[in-house]
Amino acid sequence: MNIKELIEKEESETLEFKKSTAQLERALKSICGFLNHKGGIIYFGVEKNGKIIGQTISDQPLRSVSQKIRQRIRPEISFGIKVLEIEEKRIIEVKIKEGGVHYTFLTG
């Protein structure tokens with residue numbers, strides 16, 4: 001299944017869409033849930049209905065997402081993060097594998 005087909009699916013227990021990295025706090029809670037369940041993928045730059053809206057992406061949003069994941073999830077995790085271009089719009093993909101131990105989300 002290619003990325004566009006995946007995004008055309010609805011959100012589920014292993015797939016979540018966020019309009020932008022401004023929704024990072026909610027995404028961190030989802031990441032913790034993914035770790036404690038089956039793993040999952042979060043896309044930033046995609047609306048809840050699967051519409052790709054994209055977002056401006058520089059090193060700063062990518063660094064911010066990575067830093068927050070490392071700071072707020074315990075124990076520390078490994079994850080994949082990359083920028084994808086779909087329909088001439090850029091989105092961020094964060095892939096989380098099932099954790100195997102219990103993970104905790106550290107609040108603000």
Side-chain angles (χ1 to χ4, degrees):
M1 181 179 310
N2 68 36
I3 299 299
K4 185 155 173 42
E5 288 173 334
L6 182 62
I7 290 174
E8 288 174 349
K9 297 179 107 182
E10 293 181 2
E11 286 188 310
S12 68
E13 61 186 22
T14 59
L15 178 65
E16 196 161 302
F17 304 135
K18 299 295 180 200
K19 286 172 115 175
S20 74
T21 53
Q23 296 180 306
L24 183 55
E25 186 75 15
R26 283 185 263 165
L28 290 170
K29 292 176 185 176
S30 296
I31 288 169
C32 191
F34 288 163
L35 287 162
N36 289 321
H37 192 53
K38 298 179 184 176
I41 302 173
I42 295 180
Y43 290 103
F44 292 95
V46 181
E47 292 184 334
K48 288 274 185 206
N49 63 7
K51 181 180 178 192
I52 299 166
I53 56 175
Q55 68 173 66
T56 303
I57 299 174
S58 65
D59 284 346
Q60 180 54 34
L62 290 175
R63 195 175 12 242
S64 177
V65 170
S66 293
Q67 286 174 345
K68 291 291 183 186
I69 291 171
R70 287 189 174 91
Q71 292 169 355
R72 308 279 299 279
I73 308 272
R74 290 289 177 259
E76 193 169 309
I77 67 168
S78 60
F79 56 94
I81 184 169
K82 63 183 172 179
V83 176
L84 305 172
E85 190 165 317
I86 302 173
E87 298 176 354
E88 299 179 16
K89 296 177 182 145
R90 298 177 74 186
I91 64 173
I92 298 173
E93 175 188 76
V94 180
K95 281 190 176 182
I96 305 297
K97 293 181 181 176
E98 180 180 354
V101 299
H102 181 75
Y103 289 85
T104 304
F105 171 68
L106 305 175
T107 57

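For Lys89, the salt bridge (Lys or Arg N to Asp or Glu O under 4.0 Å) criterion is met by no residue, not counting sequence neighbours. With sequence neighbours left out, the side-chain hydrogen bond (donor to acceptor under 3.5 Å, both in side chains) criterion links Lys48 to Glu11. Every salt bridge (Lys or Arg N to Asp or Glu O under 4.0 Å) that Glu13 has, sequence neighbours left out, goes to Lys38.
Between Val94 and Ile41, every side-chain heavy-atom pair lies at or beyond the 4.5 Å cut-off. Side-chain contact between Phe44 and Ser20 is absent, with no heavy-atom pair separated by less than 4.5 Å. In this structure the side chain of Gln67 never reaches within 4.5 angstrom of the side chain of Val65, judged on heavy atoms. At a threshold of 4.5 Å between non-hydrogen side-chain atoms, the residues Lys19 and Tyr43 do not count as touching. No side-chain heavy atom of Ile73 sits under 4.5 Å from any side-chain heavy atom of Leu106.
No more than 12 heavy-atom neighbours from other residues, nucleotides or ligands sit within 6.0 angstrom of CZ on Arg26. For Gln60, the CD atom counts as densely surrounded, since its 6.0 Å shell holds more than 12 non-hydrogen atoms of other residues, nucleotides or ligands.
Rounding to the nearest 0.5 Å gives a distance of 4.0 Å between CZ of Phe105 and CZ of Arg72. Distance check, rounded to the nearest 0.5 Å: NZ of Lys95 to CD1 of Ile31 gives 14.0 Å. For the atom pair CD (Glu93) and CD1 (Ile42), the distance works out to 11.0 Å, reported to the nearest 0.5 Å. Here CD1 of Ile57 is found 8.5 Å from OG1 of Thr21. Values are rounded to the nearest 0.5 Å. With values rounded to the nearest 0.5 angstrom, Leu35 atom CG is found 9.5 Å from Glu98 atom CD. The structure places CD1 of Ile77 at 11.5 Å from NZ of Lys97, a figure rounded to the nearest 0.5 Å.
Electrostatic pairing of Lys68 and Glu25 does not count as a salt bridge here, judged by no charged N lying under 4.0 Å from a carboxylate O.
Nearest heavy atom pair, residue Glu85 against residue Glu88, reads OE2-CA, 3.9 Å. Residue Leu15 comes nearest to Phe34 through the heavy atom pair N-CZ, 4.0 Å, listed as atom of the first residue, atom of the second, then distance.
Among Leu84, Ile53, Val83, the one residue that satisfies the side-chain contact (heavy atoms from CB on, under 4.5 Å) test with Ile91 is Leu84.
Ser66 places a side-chain N or O within donor-acceptor distance of the main-chain N or O of Leu62, the cut-off being under 3.5 Å. The backbone N or O of Ile86 lies less than 3.5 Å from no partner atom in the side chain of Arg90, so there is not a single donor-acceptor pair.
Ser30 and Glu16 are linked by a side-chain donor-acceptor pair at a separation below 3.5 angstrom, with hydrogens and angles left out of the test.
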